[in-house]
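Everything below concerns the one structure shown next.
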Amino acid sequence: MTVTIAYLGPEGTYTQLAALAYSLNLEQHDSSLPVNLLAFPSIPKAMQATAEGMTTLTIVPVENSTEGGVTTTLDTLWQLQQLKIHHAVVMPIRHGLLSQATCLSAIEAVFSHPQALSQCQRWLEHNLPQANLVATRSTTEALDHLTDNSTVAAISSEWAAQLYNLPILVHNINDHSDNCTKFWVLKDDKREENPVKGRYTSLAFSLPVNSPGALLKPLDVFARSGINLSRIESRPTKRSLGEYLFFVDLETDAHSQTGQQALNELLDCTESLVNFGTYDVVTADPSLAAAKARTQSTQALP
Ligand SMILES: O=C(O)C(=O)C[C@]1(C(=O)O)C=C[C@@H](O)C=C1
C-alpha cells in the first residue's frame with residue numbers, strides 16, 4: 001500500500017521538508033513502504049483531502065516558537081472534527097532572503113507566508129524599512145516571480161532557493177536563532193485501525209456558560225489528575241463575540257487510566273469536547289530531508 005501525504009505547496013515549502021523528514025521516519029520502520037507527497041494550495045485544502053480519503057495523511061504546521069499558533073490549522077481541525085493526530089514533528093526553521101537584487105536598498109517588496117514575515121519582523125524593520133511586505137499562501141508561492149525581477153525578494157528556505165535556482169542575498173534572517181515549528185501528522189479517524197499510543201494528547205473544548213470560574217473547572221480536572229498542560233490556546237467560537245474554544249496539549253496518554261478518567265470528568269464541565277488523539281513527538285532534520293529530496297529527483301531522471 002502506498003502512503004500519500006498531503007502538504008501545503010507549491011514545492012519547496014517548510015511543510016514539504018517536514019513531510020520528507022517524516023517519510024524518512026516511516027521508511028526506517030518499513031523500507032518497502034512507498035511514500036508519495038501531494039501538494040495543495042492551502043492548509044484547509046490539504047486537510048480536506050485526507051478527510052475525504054484522497055490522501056492517507058496530511059502534515060500541517062501548528063505552532064511556531066516565535067509566532068505561536070497557526071490558527072488556520074486549529075480552526076480547520078475543529079470544523080472537520082474527524083482527523084486524528086498521528087505524530088508531531090518538530091523542525092528548526094532557518095529563513096533566507098532570496099532575491100536577484102545585488103543590494104538590500106534595491107528591494108521594493110518582500111513576499112512570504114505571514115508566519116515567515118512575522119518570524120523575521122525585526123530583521124525586516126531594521127534592514128528593509130522601505131520594502132512592502134506582501135503575504136502569500138506559502139513561502140514558495142511567489143518564487144517563480146523572482147526570476148526576472150531584481151526589485152523583489154522572498155523569505156524562504158535554502159532548499160527552496162536551490163529548487164527554484166535563486167540566489168540567497170542574506171542567510172538566517174529569523175529574529176530568533178532557535179526558531180522552530182511543530183507540525184502535526186493527521187489521519188482520518190475512520191481509517192485509524194489501532195488507537196495510537198504516546199506521551200501527548202491534544203483536545204479542544206467549548207464551555208457551557210460564560211460565567212466566572214467556567215474555565216477553572218476543566219483546568220481543575222487536569223490539576224487533580226496530575227496532568228501537565230504543555231499548551232493552552234483560545235480561538236473564537238465564531239458564534240458571538242467573547243465566546244471561545246480552548247485547545248490544550250496534555251502530557252498524558254488518553255488511553256491510560258488517568259487519561260480516561262480525566263476525559264470522563266471533562267464531559268461534565270464542557271459543552272463540546274473533541275479528542276484529537278494521543279501521539280509522540282519526533283524531531284526532523286531539514287538537511288537530511290533536503291538530501292532525500294535531491295536523491296529522489298536524481299532517481300526520477302531518465
Ligand atoms: O509556507 C511554508 O513554507 C509553510 O510550510 C508554512 C509555514 C507555517 O505556516 O508556519 C511553516 C513553517 C514556517 O513556520 C513558516 C511557514
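Both backbone and side-chain heavy atoms feed into the values below; hydrogens, waters and symmetry mates do not. Note that ligands are numbered from 1 as they come in the structure, with each ligand's atoms numbered from 1 the same way.
Residue-level proximity to ligand 1 for Ser138 is carried by backbone and side chain together, each with a heavy atom below 4.0 angstrom. By the criterion of a heavy-atom distance under 4.0 Å, neither the backbone nor the side chain of Thr140 is placed next to ligand 1. Counting heavy atoms closer than 4.0 Å to ligand 1, residue Gln16 contributes nothing at all.
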Return a table of donor-acceptor pairs under 3.5 angstrom between the side chains of residues 273-284 and protein atoms on other chains or two or more places apart.
| from | atom 1 | to | atom 2 | distance (Å) |
| --- | --- | --- | --- | --- |
| Asn275 | OD1 | Gly277 | N | 2.8 |
| Thr278 | OG1 | Thr201 | OG1 | 2.8 |
| Thr278 | OG1 | Ala254 | N | 3.1 |
| Tyr279 | OH | Ser202 | OG | 2.7 |
| Asp280 | OD1 | Arg199 | N | 2.9 |

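The main-chain N or O of Thr147 is found under 3.5 Å from a side-chain atom of Gln100 such that the two form a donor-acceptor pair. Checked by atom type and distance alone, the side chain of Arg94 pairs as donor or acceptor with a backbone atom of Asn179 at under 3.5 Å. Without hydrogens or angle criteria, Asn64 side chain to Cys180 main chain gives a donor-acceptor distance under 3.5 Å.
Here the shortest heavy-atom distance to atom 3 (O) of ligand 1, taken over Asn174, Asn64, Thr139, Thr66, belongs to Thr139.
Backbone and side-chain nitrogen or oxygen atoms of Thr181 are examined, and one is located within less than 3.5 angstrom of a nitrogen or oxygen of ligand 1. Between His95 and ligand 1, no pair of N/O atoms sits closer than 3.5 Å.
In the vicinity of His113, heavy-atom distances shorter than 4.0 Å reach the ligand 1 atoms 1 (O), 8 (C), 9 (O). Residue contact check: Thr15 has heavy atoms under 4.0 Å from atoms 4 (C), 5 (O), 6 (C) of ligand 1. With ligand atoms numbered from 1 in the order given, ligand 1 contributes 14 (O) to contacts under 4.0 Å with heavy atoms of Gln119. Of all atoms in ligand 1, listed by their number and element, those nearer than 4.0 Å to a heavy atom of Thr13 are 2 (C), 3 (O), 5 (O).
Cluster membership check: Leu169 does not share its hydrophobic cluster with Leu143, using side-chain heavy-atom separations under 4.5 Å among Ile, Leu, Val, Met, Phe, Trp and Tyr.
Salt bridge Glu233/Arg231: present, at least one basic N to carboxylate O contact under 4.0 Å.
Side-chain contact, Thr56 with Thr4: a donor N or O sits under 3.5 Å from an acceptor N or O.
Residue pairs meeting the salt bridge (charged side-chain N to carboxylate O under 4.0 Å, His left out) criterion with at least one member in residues 207-224, sequence neighbours excluded: Asp220-Arg224, Arg224-Glu265.
Counting protein heavy atoms only, atom 12 (C) of ligand 1 is closest to Tyr14 CB, 3.7 Å.
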